[in-house]
Amino acid sequence: MDSPRFPKETVLITGGSGYFGFRLGCALHQKGVHVILFDICSPAQAIPEGIKFVQGDIRRFCEVEAAFQDAEVACVFHVASYGMSGREQLKPKLIKEVNVDGTDNIIRACQQRGVPRLVYTSTFNVIFGGQVIKNGDESLPYLPLHLYPDHYSRTKMIAEKNVLEANGSALEQGKGILRTCALRPAGIYGPGEQRHFPRIVSYLEKGLFKFVYGDPESLVEFIHVDNLVHAHILAALALKADKGYVASGQPYFVSDGKPVNNFEFFRPLVEGLGYTFPSIRLPLALIFYFAILTELTHFILGRLYNFQPFLTRTEVYKTGVTHYFSLEKAKKELGYEAQPYDLQEMVEWFRAHGHGKNSEHEGLRYLLWDGLLVLLLVMSLLTWLSSAGLSV
Ligand SMILES: NC(=O)c1ccc[n+]([C@@H]2O[C@H](COP(=O)([O-])OP(=O)(O)OC[C@H]3O[C@@H](n4cnc5c(N)ncnc54)[C@H](O)[C@@H]3O)[C@@H](O)[C@H]2O)c1
């Protein structure tokens, strides 16, 4: 990738221990930028020499302030978030505190500390609530609050709005104005990804990936982590005078620019790890009821054992309903060009970490999982049929 030049200045990355934040930090560090990673958890990987790590919680303003101490920060990449997938999605209070209150703290810290640029990592979800969107663009309005299917999407929208509204606000001590923009990525993938892919591989290993669902023609999008890093660097540069502050106050959809059926996207991973791609296809509505039941089961039993729900309703929409967006604005204003990637490097990553089909006895080992899956599917079918007004 033809990487843009980045000046030798200091940037602070919230969520800097997470998958994307850490990758962004390492990429900027390699370009000679002084990087401060700020996160509530330490990074799982060794921190390269020269990168500073500050542990803290964006919900606590004093901890955010402390991260800016002794540094003239030129740009903040606000990446930290909570509640994106799995059981995290079912904790509304914490999601609001991190995504909304935490973001407000970051905006306030930028204003107080005279940081001139703030790039917010948003998501497709701020516009998508389960409706079909084909080649949507940034003119699409936010949804009314009650139409967001989950707290994460709703709070990411509020946070994005607050960040974009802070564009043009005054910095303290007459240091000029704050310029902000937001990037709305598709689902992130790449080697070492820790959120979606290990979960999928664990389902493969437990023998739970037995069916796909929804319309085979439905299309969604993904973005390779390095394309997203590239987009963030371009966005930060596009908030500067020499780019005419073109990104000021703007949102941008970013992806690999290749709409694909969700399950077909994962096929190379499934087959590359030696598993058979499922031939059974179930209706989306049935899976939606299945997700309601798993959320309900989690609601009842989650206090005793906080297990990972198999699928949530939002995940059903995200994976089964067509939604993809135009890259035109990001291309035109940021100069973004997605580079081609495939899942081969991820297959190799998982194999190198001891995954892949290797035991003939796996079937027996996971008989209990199979039983549970069939039970939940039968219950979903009954719920679906009765809600559709059919007598069973
Ligand atoms: N992963 C995806 O598919 C995807 C898709 C679209 C948008 N996004 C957005 O991209 C960003 C990065 O995603 P990711 O997959 O790297 O997520 P991640 O979960 O790996 O990283 C998020 C980081 O935020 C940190 N964090 C959470 N609460 C915090 C707090 N209170 N204070 C400080 N740090 C806190 C976590 O410890 C974690 O390291 C997020 O803003 C997310 O909303 C992700």
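Predicted, not measured: the structure shown is a model, and the values here were computed from it. We're numbering straight along the sequence, starting at 1. Numbering of ligands and ligand atoms starts at 1, following listing order.
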Requested in this report: If the plane angle is over 60° it's perpendicular, under 30° parallel, otherwise tilted; pick one for Phe310 and Phe211.
Outcome: tilted

Query raised in the report: Below 4.0 Å from any atom of ligand 1, is there a heavy atom belonging to Arg195?
Result: yes

Query raised in the report: Non-hydrogen atoms of Gly187 versus ligand 1: any pair closer than 4.0 Å?
Result: yes

Query raised in the report: For atom 27 (C) of ligand 1, which candidate among Gly15, Gly56, Ser42, Ser81 provides the closest heavy atom?
Result: Ser81

Query raised in the report: Do Asn262 and Thr319 meet the criterion of a side-chain donor-acceptor pair at a distance under 3.5 Å?
Result: no

Query raised in the report: Considering only the protein, which heavy-atom contact is closest to atom 6 (C) of ligand 1, and what is its distance?
Result: Pro185 O, 3.4 Å

Query raised in the report: By number and element, which atoms of ligand 1 are closer than 4.0 Å to a non-hydrogen atom of Phe20?
Result: 16 (O)

Query raised in the report: Does Lys329 come within less than 4.0 Å of Asp137, counting only side-chain N to carboxylate O?
Result: no

Query raised in the report: What residue and heavy atom of the protein are closest to atom 10 (O) of ligand 1, and at what distance?
Result: Thr121 CG2, 3.3 Å

Query - For atom 32 (N) of ligand 1, closest protein heavy-atom neighbour - result: Ile58 N, 3.0 Å

Report summary line: Among Leu94, Asn105, Asp39, the residue with a heavy atom nearest to atom 39 (O) of ligand 1 is Asp39

Report summary line: Contact region, Glu97 to ligand 1, non-hydrogen atoms below 4.0 Å, reads neither

Query raised in the report: Is Lys240 atom NZ crowded by more than 12 heavy atoms from other residues, nucleotides or ligands, each under 6.0 Å away?
Result: yes

**Report entry** Verdict with supporting geometry, Val316 and Leu284, side chain to side chain contact (heavy atoms under 4.5 Å, CB included)
**Finding:** CA-CA 8 Å; Val316 175; Leu284 193 70; 3.8 Å; yes

Report task. Determine, using heavy atoms of His196 and all atoms of ligand 1, whether some pair is separated by less than 4.0 Å. Result -> yes

Requested in this report: Go through ligand 1 atom by atom and flag the ones less than 4.0 Å from a non-hydrogen atom of Ser17.
Outcome: 39 (O)

Query - Identified side chain to side chain donor-acceptor pair (under 3.5 Å) partner of Asn125 from the options Lys156, Lys318, Arg154, Arg184 - result: Lys318

Query raised in the report: Starting from atom 41 (O) of ligand 1, which protein heavy atom do you reach first, and at what distance in Å?
Result: Val79 O, 2.6 Å

Requested in this report: Look at the rings of His323 and Phe124 and say which category their plane angle falls in: under 30° parallel, 30 to 60° tilted, over 60° perpendicular.
Outcome: perpendicular

Report task. Pick one of side chain, backbone, both or neither for how Tyr152 approaches ligand 1, counting any non-hydrogen atom pair under 4.0 Å. Result -> side chain

Query raised in the report: Heavy-atom count around Arg60 CZ within 6.0 Å, excluding the residue itself: above 12?
Result: no

Query raised in the report: Just wondering, are more than 12 heavy atoms of other shown residues or ligands nearer than 6.0 Å to NZ in Lys161?
Result: no

Query - Asp57 near ligand 1 by a heavy-atom separation under 4.0 Å - result: yes

Report summary line: Going by the 4.0 angstrom heavy-atom rule, the piece of Lys156 near ligand 1 is side chain

Requested in this report: Evaluate whether atom CD of Gln344 has more than 12 neighbouring non-hydrogen atoms of other residues, nucleotides or ligands under 6.0 angstrom away.
Outcome: yes

Query - contact_flag Pro43 ligand 1 heavy-atom lt 4.0 Å - result: no

Query raised in the report: At what distance is the nearest protein heavy atom to atom 28 (N) of ligand 1, and which residue and atom is it?
Result: Val98 CG1, 3.7 Å

Requested in this report: May I ask whether Ser122 has any heavy atom positioned less than 4.0 angstrom from an atom of ligand 1?
Outcome: yes

Query raised in the report: Are any of the side-chain nitrogens in Arg313 or Glu295 under 4.0 Å away from the carboxylate oxygens of its partner?
Result: yes

Report task. Step through the shown structure and confirm whether more than 12 heavy atoms of other residues, nucleotides or ligands are within 6.0 Å of NZ on Lys134. Result -> no

Query raised in the report: Quick one: nearest non-hydrogen protein atom to atom 21 (O) of ligand 1, plus distance?
Result: Gly18 CA, 3.4 Å

Query raised in the report: Which class fits the ring pair Phe77 and His232: parallel under 30°, tilted 30 to 60°, perpendicular over 60°?
Result: tilted

**Report entry** atom 29 (C) of ligand 1: nearest protein contact (heavy atom, Å)
**Finding:** Ile40 CG2, 3.8 Å

Report summary line: In ligand 1, the atoms that come under 4.0 Å of a heavy atom of Cys41 are 37 (O)

Query raised in the report: Is the shortest N/O to N/O distance between Ala80 and ligand 1 below 3.5 Å?
Result: no

Query raised in the report: Around Phe277, counting heavy atoms of other residues, nucleotides and ligands shown, do more than 12 lie under 6.0 Å from its CZ?
Result: yes

Query raised in the report: Which residue supplies the protein heavy atom nearest to atom 1 (N) of ligand 1, what is that atom called, and how far is it?
Result: Met84 SD, 3.3 Å

Report task. Using a 4.0 Å heavy-atom threshold (strictly under), name the region of Tyr19 that reaches ligand 1: side chain, backbone, both or neither. Result -> both

